[in-house]
Amino acid sequence: MEQIKRNILLNPGPSTTTDTVKYAQIVPDICPREKEFAGLMKSLREDLVKIVHGDLDKYTSVLFCGSGTINIDVCINSLLPEGKKVLVVNNGAYSTRAVEICEYYGIPHINLTFPVDQLPDLAVVEKVLQEYPDIALVHTTHNETGTGICNPIREIGALAHKYGAIFTVDTTSTYAMRPINIEEDNIDFCMASAQKGLMAFTGLSFVVGNRAIIEESKNYPKRSYYCNLYLQYSFFESTGEMHFTPPVQTIYATIQALKEYWEEGEQAKWARHTRVFNAINDGLEELGFKQVIKPEWRSGLVASAIYPDDDHWDFERVHDYCYERGFTIYPGKISTTNTFRLCALGAIDEQDIKDFFVVFKEALVKEGVQIPVIYKK
Ligand SMILES: *Cc1c(COP(=O)(O)O)cnc(C)c1O
(Lines give C-alpha, C1' and ligand atoms only; values in the text may rest on other atoms or scores of the structure.)
Protein backbone atom coordinates (compact mmCIF):
# COMPACT_ATOMS: atom_id res chain seq x y z
CA MET A 1 0.00 0.00 0.00
CA GLU A 2 1.55 3.25 -1.12
CA GLN A 3 1.52 6.05 1.44
CA ILE A 4 -0.60 9.01 0.43
CA LYS A 5 0.58 12.57 1.16
CA ARG A 6 -0.68 13.44 4.62
CA ASN A 7 -2.37 16.81 5.01
CA ILE A 8 -3.34 18.11 8.43
CA LEU A 9 -6.85 19.51 8.12
CA LEU A 10 -7.62 21.98 10.90
CA ASN A 11 -10.87 23.03 9.17
CA PRO A 12 -14.17 21.89 10.73
CA GLY A 13 -14.53 18.85 8.45
CA PRO A 14 -13.91 17.00 6.25
CA SER A 15 -11.19 15.71 8.52
CA THR A 16 -7.80 14.09 8.06
CA THR A 17 -8.26 10.37 7.40
CA THR A 18 -6.01 7.34 7.76
CA ASP A 19 -4.60 5.68 4.66
CA THR A 20 -6.46 2.49 5.55
CA VAL A 21 -9.74 4.41 5.32
CA LYS A 22 -8.67 6.03 2.05
CA TYR A 23 -7.77 2.66 0.54
CA ALA A 24 -10.98 1.00 1.75
CA GLN A 25 -12.71 2.80 -1.13
CA ILE A 26 -10.75 0.79 -3.67
CA VAL A 27 -12.91 -2.27 -4.12
CA PRO A 28 -14.16 -4.36 -7.01
CA ASP A 29 -17.15 -2.78 -8.71
CA ILE A 30 -20.40 -3.89 -7.12
CA CYS A 31 -24.05 -3.13 -7.74
CA PRO A 32 -25.36 -1.85 -4.41
CA ARG A 33 -28.59 -3.81 -4.97
CA GLU A 34 -26.72 -7.07 -4.29
CA LYS A 35 -27.49 -8.85 -1.01
CA GLU A 36 -23.82 -8.65 -0.10
CA PHE A 37 -24.03 -4.87 -0.02
CA ALA A 38 -27.29 -4.77 1.97
CA GLY A 39 -25.56 -6.99 4.54
CA LEU A 40 -22.79 -4.42 4.96
CA MET A 41 -25.30 -1.67 5.56
CA LYS A 42 -27.12 -3.59 8.29
CA SER A 43 -24.11 -3.73 10.60
CA LEU A 44 -23.14 -0.19 9.63
CA ARG A 45 -26.57 1.07 10.71
CA GLU A 46 -26.32 -0.77 14.00
CA ASP A 47 -22.84 0.59 14.70
CA LEU A 48 -24.10 4.12 14.17
CA VAL A 49 -26.67 3.60 16.93
CA LYS A 50 -24.13 1.96 19.24
CA ILE A 51 -21.80 4.97 19.01
CA VAL A 52 -24.38 7.01 20.93
CA HIS A 53 -25.14 4.05 23.22
CA GLY A 54 -28.65 3.61 21.84
CA ASP A 55 -30.70 0.50 22.56
CA LEU A 56 -31.19 -1.16 19.15
CA ASP A 57 -34.84 -1.93 19.86
CA LYS A 58 -35.66 1.67 20.64
CA TYR A 59 -33.32 3.55 18.29
CA THR A 60 -32.38 3.14 14.66
CA SER A 61 -30.26 4.94 12.11
CA VAL A 62 -31.36 6.04 8.68
CA LEU A 63 -28.78 6.77 5.99
CA PHE A 64 -28.92 9.46 3.35
CA CYS A 65 -26.70 10.29 0.42
CA GLY A 66 -25.64 13.88 0.90
CA SER A 67 -23.56 16.21 3.03
CA GLY A 68 -24.40 16.81 6.70
CA THR A 69 -26.98 19.50 6.06
CA ILE A 70 -29.31 16.91 4.54
CA ASN A 71 -29.90 15.55 8.07
CA ILE A 72 -31.13 18.89 9.41
CA ASP A 73 -33.43 19.15 6.40
CA VAL A 74 -34.72 15.59 6.92
CA CYS A 75 -35.46 16.00 10.63
CA ILE A 76 -37.14 19.39 10.37
CA ASN A 77 -39.31 18.59 7.35
CA SER A 78 -40.28 15.05 8.39
CA LEU A 79 -40.95 15.20 12.13
CA LEU A 80 -43.45 18.00 12.53
CA PRO A 81 -47.14 17.11 12.82
CA GLU A 82 -49.81 19.21 11.10
CA GLY A 83 -50.60 22.52 12.77
CA LYS A 84 -47.54 22.48 15.04
CA LYS A 85 -44.44 24.63 15.38
CA VAL A 86 -40.68 24.20 15.49
CA LEU A 87 -38.62 25.99 18.14
CA VAL A 88 -34.99 26.56 17.15
CA VAL A 89 -32.72 27.42 20.07
CA ASN A 90 -30.24 29.44 18.07
CA ASN A 91 -26.84 30.79 19.08
CA GLY A 92 -24.94 30.29 15.87
CA ALA A 93 -24.59 29.61 12.17
CA TYR A 94 -25.71 25.96 12.19
CA SER A 95 -28.91 26.57 14.12
CA THR A 96 -29.54 29.45 11.73
CA ARG A 97 -29.35 26.86 8.96
CA ALA A 98 -32.23 24.99 10.63
CA VAL A 99 -34.21 28.25 10.70
CA GLU A 100 -33.54 28.72 6.98
CA ILE A 101 -34.82 25.20 6.34
CA CYS A 102 -38.06 26.11 8.16
CA GLU A 103 -38.31 29.21 5.99
CA TYR A 104 -37.77 27.30 2.75
CA TYR A 105 -40.48 24.78 3.61
CA GLY A 106 -42.81 27.42 5.01
CA ILE A 107 -42.83 25.58 8.34
CA PRO A 108 -44.19 27.57 11.30
CA HIS A 109 -41.28 28.20 13.63
CA ILE A 110 -39.85 30.35 16.38
CA ASN A 111 -36.27 31.48 15.95
CA LEU A 112 -35.14 32.00 19.55
CA THR A 113 -31.79 33.73 19.21
CA PHE A 114 -29.01 34.23 21.72
CA PRO A 115 -25.62 35.90 21.22
CA VAL A 116 -23.12 33.66 19.42
CA ASP A 117 -20.68 33.76 22.33
CA GLN A 118 -23.29 32.96 25.00
CA LEU A 119 -25.12 29.83 26.11
CA PRO A 120 -28.88 29.84 25.58
CA ASP A 121 -30.79 31.08 28.61
CA LEU A 122 -32.77 28.04 29.73
CA ALA A 123 -35.33 30.15 31.61
CA VAL A 124 -36.15 31.94 28.35
CA VAL A 125 -36.39 28.61 26.50
CA GLU A 126 -38.82 27.35 29.13
CA LYS A 127 -40.90 30.54 28.99
CA VAL A 128 -41.30 30.18 25.22
CA LEU A 129 -42.30 26.52 25.58
CA GLN A 130 -44.91 27.53 28.17
CA GLU A 131 -46.21 30.33 26.01
CA TYR A 132 -46.52 28.25 22.82
CA PRO A 133 -48.02 24.85 23.61
CA ASP A 134 -48.11 24.11 19.85
CA ILE A 135 -44.32 23.65 19.74
CA ALA A 136 -43.88 19.98 18.82
CA LEU A 137 -40.20 19.97 17.85
CA VAL A 138 -37.27 21.67 19.55
CA HIS A 139 -34.02 21.83 17.60
CA THR A 140 -30.55 23.00 18.52
CA THR A 141 -26.87 22.40 17.74
CA HIS A 142 -24.58 20.55 20.14
CA ASN A 143 -21.23 22.07 19.20
CA GLU A 144 -21.91 25.27 17.26
CA THR A 145 -19.10 24.70 14.80
CA GLY A 146 -19.02 28.38 13.82
CA THR A 147 -17.64 29.35 17.23
CA GLY A 148 -16.99 26.10 19.12
CA ILE A 149 -19.50 26.76 21.91
CA CYS A 150 -20.95 23.61 23.50
CA ASN A 151 -24.67 23.88 24.15
CA PRO A 152 -26.40 22.27 27.16
CA ILE A 153 -28.35 19.73 25.14
CA ARG A 154 -29.33 17.51 28.06
CA GLU A 155 -31.04 20.44 29.79
CA ILE A 156 -32.72 21.71 26.61
CA GLY A 157 -33.90 18.16 25.85
CA ALA A 158 -35.38 17.85 29.34
CA LEU A 159 -37.33 21.07 28.80
CA ALA A 160 -38.56 19.95 25.37
CA HIS A 161 -39.83 16.70 26.89
CA LYS A 162 -41.41 18.45 29.87
CA TYR A 163 -43.59 20.37 27.41
CA GLY A 164 -44.37 17.39 25.19
CA ALA A 165 -42.06 18.26 22.27
CA ILE A 166 -39.50 16.04 20.61
CA PHE A 167 -35.85 17.08 20.62
CA THR A 168 -33.63 17.00 17.53
CA VAL A 169 -29.96 17.90 17.90
CA ASP A 170 -27.39 18.69 15.26
CA THR A 171 -24.49 16.66 16.61
CA THR A 172 -22.58 16.72 13.30
CA SER A 173 -19.48 18.18 14.93
CA THR A 174 -19.50 16.12 18.13
CA TYR A 175 -20.75 12.65 17.06
CA ALA A 176 -18.03 9.98 17.43
CA MET A 177 -15.78 12.50 19.17
CA ARG A 178 -17.33 14.00 22.30
CA PRO A 179 -19.18 11.10 23.96
CA ILE A 180 -22.98 11.21 23.57
CA ASN A 181 -25.59 9.03 25.25
CA ILE A 182 -28.77 9.44 23.25
CA GLU A 183 -31.08 8.38 26.10
CA GLU A 184 -29.37 10.16 29.00
CA ASP A 185 -28.84 13.29 26.92
CA ASN A 186 -32.61 13.45 26.27
CA ILE A 187 -32.11 13.30 22.50
CA ASP A 188 -34.81 11.92 20.22
CA PHE A 189 -32.83 12.48 17.03
CA CYS A 190 -29.19 13.27 16.48
CA MET A 191 -27.20 13.29 13.28
CA ALA A 192 -23.79 13.37 11.65
CA SER A 193 -22.00 12.68 8.42
CA ALA A 194 -19.15 10.32 7.73
CA GLN A 195 -16.50 12.98 7.05
CA LYS A 196 -16.37 14.46 10.54
CA GLY A 197 -16.02 12.47 13.76
CA LEU A 198 -15.92 9.13 11.97
CA MET A 199 -12.96 10.29 9.88
CA ALA A 200 -14.26 8.91 6.59
CA PHE A 201 -15.58 10.80 3.55
CA THR A 202 -18.32 13.11 2.38
CA GLY A 203 -21.44 11.66 0.80
CA LEU A 204 -22.89 9.59 3.62
CA SER A 205 -25.04 11.26 6.27
CA PHE A 206 -27.25 9.70 8.88
CA VAL A 207 -29.95 10.42 11.42
CA VAL A 208 -29.95 8.33 14.60
CA GLY A 209 -33.22 8.39 16.48
CA ASN A 210 -36.30 7.04 18.08
CA ARG A 211 -37.95 4.34 15.99
CA ALA A 212 -41.46 4.85 17.45
CA ILE A 213 -41.40 8.54 16.57
CA ILE A 214 -40.33 7.76 13.00
CA GLU A 215 -43.21 5.30 12.69
CA GLU A 216 -45.62 7.88 14.04
CA SER A 217 -44.36 10.40 11.49
CA LYS A 218 -45.78 8.23 8.71
CA ASN A 219 -48.94 10.31 8.95
CA TYR A 220 -47.30 13.72 9.27
CA PRO A 221 -47.42 16.18 6.37
CA LYS A 222 -45.08 15.15 3.56
CA ARG A 223 -42.96 18.15 2.72
CA SER A 224 -40.17 16.49 0.73
CA TYR A 225 -39.77 13.33 -1.30
CA TYR A 226 -36.02 12.67 -1.36
CA CYS A 227 -35.58 13.93 2.20
CA ASN A 228 -38.51 12.22 3.93
CA LEU A 229 -37.36 10.30 7.00
CA TYR A 230 -40.20 7.80 7.14
CA LEU A 231 -39.95 6.93 3.45
CA GLN A 232 -36.22 6.21 3.71
CA TYR A 233 -36.68 4.32 7.00
CA SER A 234 -39.47 2.13 5.70
CA PHE A 235 -37.45 1.26 2.63
CA PHE A 236 -34.56 0.18 4.84
CA GLU A 237 -36.88 -1.84 7.04
CA SER A 238 -38.46 -3.70 4.16
CA THR A 239 -35.43 -4.17 1.87
CA GLY A 240 -32.29 -3.43 3.92
CA GLU A 241 -31.29 -0.93 1.27
CA MET A 242 -31.27 2.77 0.67
CA HIS A 243 -34.22 3.94 -1.40
CA PHE A 244 -31.95 5.42 -4.06
CA THR A 245 -28.34 4.81 -5.08
CA PRO A 246 -26.08 4.88 -2.02
CA PRO A 247 -22.60 6.45 -1.98
CA VAL A 248 -20.97 3.04 -2.43
CA GLN A 249 -17.29 3.95 -1.95
CA THR A 250 -17.99 6.18 1.03
CA ILE A 251 -19.88 3.31 2.65
CA TYR A 252 -16.87 1.02 2.30
CA ALA A 253 -14.64 3.73 3.77
CA THR A 254 -17.07 4.34 6.63
CA ILE A 255 -17.13 0.66 7.51
CA GLN A 256 -13.33 0.71 7.78
CA ALA A 257 -13.53 3.96 9.79
CA LEU A 258 -15.96 2.31 12.21
CA LYS A 259 -13.58 -0.60 12.65
CA GLU A 260 -10.86 1.89 13.54
CA TYR A 261 -13.28 3.75 15.83
CA TRP A 262 -13.96 0.63 17.90
CA GLU A 263 -10.26 -0.23 17.94
CA GLU A 264 -9.32 3.20 19.28
CA GLY A 265 -12.28 3.27 21.69
CA GLU A 266 -14.65 6.09 22.66
CA GLN A 267 -12.70 7.29 25.69
CA ALA A 268 -9.26 7.07 24.09
CA LYS A 269 -10.50 8.88 21.00
CA TRP A 270 -12.03 11.67 23.06
CA ALA A 271 -8.80 11.89 25.06
CA ARG A 272 -6.86 12.26 21.81
CA HIS A 273 -9.14 15.02 20.51
CA THR A 274 -8.77 16.73 23.89
CA ARG A 275 -4.97 16.50 23.64
CA VAL A 276 -5.14 18.06 20.20
CA PHE A 277 -7.50 20.79 21.40
CA ASN A 278 -5.30 21.62 24.39
CA ALA A 279 -2.28 21.86 22.10
CA ILE A 280 -4.26 24.25 19.85
CA ASN A 281 -5.20 26.43 22.83
CA ASP A 282 -1.63 26.42 24.15
CA GLY A 283 -0.26 27.38 20.74
CA LEU A 284 -2.76 30.22 20.30
CA GLU A 285 -2.17 31.48 23.82
CA GLU A 286 1.58 31.49 23.38
CA LEU A 287 1.18 33.76 20.36
CA GLY A 288 -1.23 35.99 22.27
CA PHE A 289 -4.40 35.17 20.29
CA LYS A 290 -7.75 35.85 21.93
CA GLN A 291 -10.66 33.47 21.46
CA VAL A 292 -14.38 34.10 21.10
CA ILE A 293 -15.66 31.48 23.54
CA LYS A 294 -14.60 31.40 27.16
CA PRO A 295 -12.73 28.25 28.22
CA GLU A 296 -15.48 26.60 30.27
CA TRP A 297 -17.98 26.81 27.39
CA ARG A 298 -15.73 25.39 24.68
CA SER A 299 -16.73 22.19 22.95
CA GLY A 300 -13.18 20.92 23.03
CA LEU A 301 -13.17 20.60 19.24
CA VAL A 302 -13.20 24.03 17.62
CA ALA A 303 -11.06 27.02 18.60
CA SER A 304 -12.28 30.35 17.28
CA ALA A 305 -9.48 32.92 17.34
CA ILE A 306 -9.94 36.66 16.82
CA TYR A 307 -7.91 38.48 14.15
CA PRO A 308 -5.24 40.65 15.72
CA ASP A 309 -5.37 44.43 15.22
CA ASP A 310 -2.24 44.44 13.09
CA ASP A 311 -2.08 45.77 9.54
CA HIS A 312 0.35 43.00 8.66
CA TRP A 313 -2.17 40.28 9.50
CA ASP A 314 -3.69 38.83 6.34
CA PHE A 315 -5.60 35.61 6.84
CA GLU A 316 -5.41 34.57 3.19
CA ARG A 317 -1.63 34.95 3.07
CA VAL A 318 -1.12 33.08 6.34
CA HIS A 319 -3.51 30.40 5.11
CA ASP A 320 -1.61 29.99 1.86
CA TYR A 321 1.75 29.73 3.61
CA CYS A 322 0.41 26.98 5.90
CA TYR A 323 -1.50 25.27 3.09
CA GLU A 324 1.61 24.96 0.94
CA ARG A 325 3.19 23.14 3.87
CA GLY A 326 0.33 20.69 4.40
CA PHE A 327 -1.75 22.50 7.06
CA THR A 328 -5.24 23.83 6.37
CA ILE A 329 -6.68 26.58 8.56
CA TYR A 330 -10.20 27.93 8.15
CA PRO A 331 -12.05 31.25 8.30
CA GLY A 332 -14.61 31.91 11.01
CA LYS A 333 -18.38 32.01 10.71
CA ILE A 334 -19.43 35.01 12.77
CA SER A 335 -20.76 38.11 11.08
CA THR A 336 -19.76 40.52 13.84
CA THR A 337 -16.13 39.54 14.53
CA ASN A 338 -13.31 38.53 12.19
CA THR A 339 -12.14 35.12 13.29
CA PHE A 340 -10.40 32.01 12.06
CA ARG A 341 -10.82 28.47 13.28
CA LEU A 342 -8.52 25.64 14.25
CA CYS A 343 -10.29 22.34 14.81
CA ALA A 344 -9.37 19.15 16.65
CA LEU A 345 -11.21 16.74 14.33
CA GLY A 346 -9.63 13.93 12.38
CA ALA A 347 -6.80 11.41 12.56
CA ILE A 348 -4.26 13.79 14.05
CA ASP A 349 -2.45 14.08 17.37
CA GLU A 350 -0.65 16.56 19.59
CA GLN A 351 2.59 16.43 17.59
CA ASP A 352 0.77 17.52 14.42
CA ILE A 353 -0.36 20.66 16.25
CA LYS A 354 3.15 21.37 17.49
CA ASP A 355 4.39 20.99 13.92
CA PHE A 356 1.60 23.27 12.74
CA PHE A 357 2.48 26.07 15.14
CA VAL A 358 6.09 26.06 13.93
CA VAL A 359 4.81 26.74 10.41
CA PHE A 360 2.10 29.17 11.57
CA LYS A 361 4.62 31.22 13.55
CA GLU A 362 6.95 31.28 10.53
CA ALA A 363 4.07 32.68 8.49
CA LEU A 364 3.42 35.43 11.06
CA VAL A 365 7.12 36.36 11.18
CA LYS A 366 7.31 36.38 7.39
CA GLU A 367 4.31 38.71 7.20
CA GLY A 368 5.75 40.99 9.86
CA VAL A 369 2.90 40.38 12.31
CA GLN A 370 3.89 41.45 15.83
CA ILE A 371 4.30 38.54 18.29
CA PRO A 372 2.67 38.26 20.73
CA VAL A 373 -0.18 39.53 18.59
CA ILE A 374 -1.76 42.83 19.54
CA TYR A 375 -5.33 43.96 20.16
CA LYS A 376 -6.39 47.57 20.49
CA LYS A 377 -8.84 46.81 23.28
C1 LIG B 1 -20.37 20.26 9.23
C2 LIG B 1 -21.63 20.53 9.90
C3 LIG B 1 -22.85 20.33 9.23
C4 LIG B 1 -22.94 19.83 7.82
O5 LIG B 1 -22.34 20.61 6.88
P6 LIG B 1 -22.21 20.05 5.38
O7 LIG B 1 -21.36 21.09 4.71
O8 LIG B 1 -23.57 19.96 4.81
O9 LIG B 1 -21.56 18.70 5.48
C10 LIG B 1 -24.02 20.51 9.94
N11 LIG B 1 -24.00 20.91 11.21
C12 LIG B 1 -22.86 21.14 11.88
C13 LIG B 1 -22.94 21.54 13.31
C14 LIG B 1 -21.64 20.95 11.25
O15 LIG B 1 -20.50 21.17 11.93
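For ligands, and for the atoms within them, numbers begin at 1 and follow the listed sequence. All values reported here derive from a predicted model rather than from experimental measurement.
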ask   = Relative to atom 11 (N) of ligand 1, which among D73, L301, D170 owns the nearest non-hydrogen atom?
value = D170
inquiry  = Suppose we screen for side-chain contact (heavy atoms from CB on, under 4.5 Å). Which residues come up paired with V358, at least two apart in sequence or across chains?
reply    = E362
ask   = Side-chain donor-acceptor pair under 3.5 Å between Q232 and Y226, yes or no?
value = no
task = Assess the side chains of Q351 and D355: does a donor N or O sit below 3.5 Å from an acceptor N or O?
result = yes
ask   = Is the centre of the F340 ring less than 6.0 Å from the centre of the F289 ring?
value = yes
inquiry  = Please say yes or no: joined through hydrophobic side-chain contacts below 4.5 Å, possibly via intermediate residues, are V99 and V125 part of one cluster?
reply    = yes
[atom]: nearest protein contact (heavy atom, Å):
{"atom": "atom 2 (C) of ligand 1", "answer": "K196 NZ, 2.5 Å"}
{"atom": "atom 6 (P) of ligand 1", "answer": "S67 OG, 3.4 Å"}
{"atom": "atom 12 (C) of ligand 1", "answer": "Y94 CD2, 3.3 Å"}
{"atom": "atom 13 (C) of ligand 1", "answer": "T145 OG1, 3.2 Å"}

Are [X] and [Y] in a cation-pi setup, meaning NZ or CZ lies under 6.0 angstrom from the ring centre and within 45 degrees of the ring axis?
{"X": "R45", "Y": "F236", "value": "yes"}
{"X": "K290", "Y": "Y375", "value": "yes"}
{"X": "R325", "Y": "Y323", "value": "no"}

note = Taking only non-hydrogen atoms of R97 and a 4.0 Å limit, the atoms of ligand 1 in range are 5 (O)
remark   = So the atoms of ligand 1 within less than 4.0 Å of a heavy atom of S173 turn out to be 13 (C), 15 (O)
Is the shortest N/O to N/O distance between [X] and ligand 1 below 3.5 Å?
{"X": "Q195", "answer": "yes"}
{"X": "T69", "answer": "yes"}
{"X": "G68", "answer": "yes"}

task = Check each heavy atom of T141 against ligand 1 and say whether those closer than 4.0 Å belong to the side chain, the backbone, both or neither.
result = side chain
